[in-house]
Amino acid sequence: MGMMRNLIASGVAAKVVQELKKPQNQAKIKQFVRDFQAKQKKGGTGGRAY
């Protein structure tokens, strides 16, 4: 079972890396990081308080 889990995790990781190389996804990630950093500078928590 552990070997199967590792195999699936490797496949998922490979797919994530493949998607990250696409220019449109890189632009989305950069925009997300900019927005997140802007929120942090304003003093926002970036999430909900429980």
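Residue numbers count from 1 along this sequence.
Under the 3.5 Å distance criterion, with hydrogens and angles disregarded, no donor-acceptor pair is assigned to the side chains of Gln37 and Arg34.
Note that CG of Leu20 and CG of Asn25 are 7.0 Å apart. Values are rounded to the nearest 0.5 Å. Note that the CD1 atom of Ile29 and the CD atom of Gln24 stand 10.5 Å from one another [nearest 0.5 Å].
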Would you tabulate the side-chain donor-acceptor contacts of residues 4-17 under 3.5 Å, counting partners in other chains and residues two or more places apart, or write 'none'?
from, atom 1, to, atom 2, distance (Å)
Ser10, OG, Asn6, O, 2.9
Lys15, NZ, Glu19, OE2, 3.3

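Scanning both residues, Lys21 and Gln26, for their nearest heavy atoms gives O-NE2, 3.5 Å.
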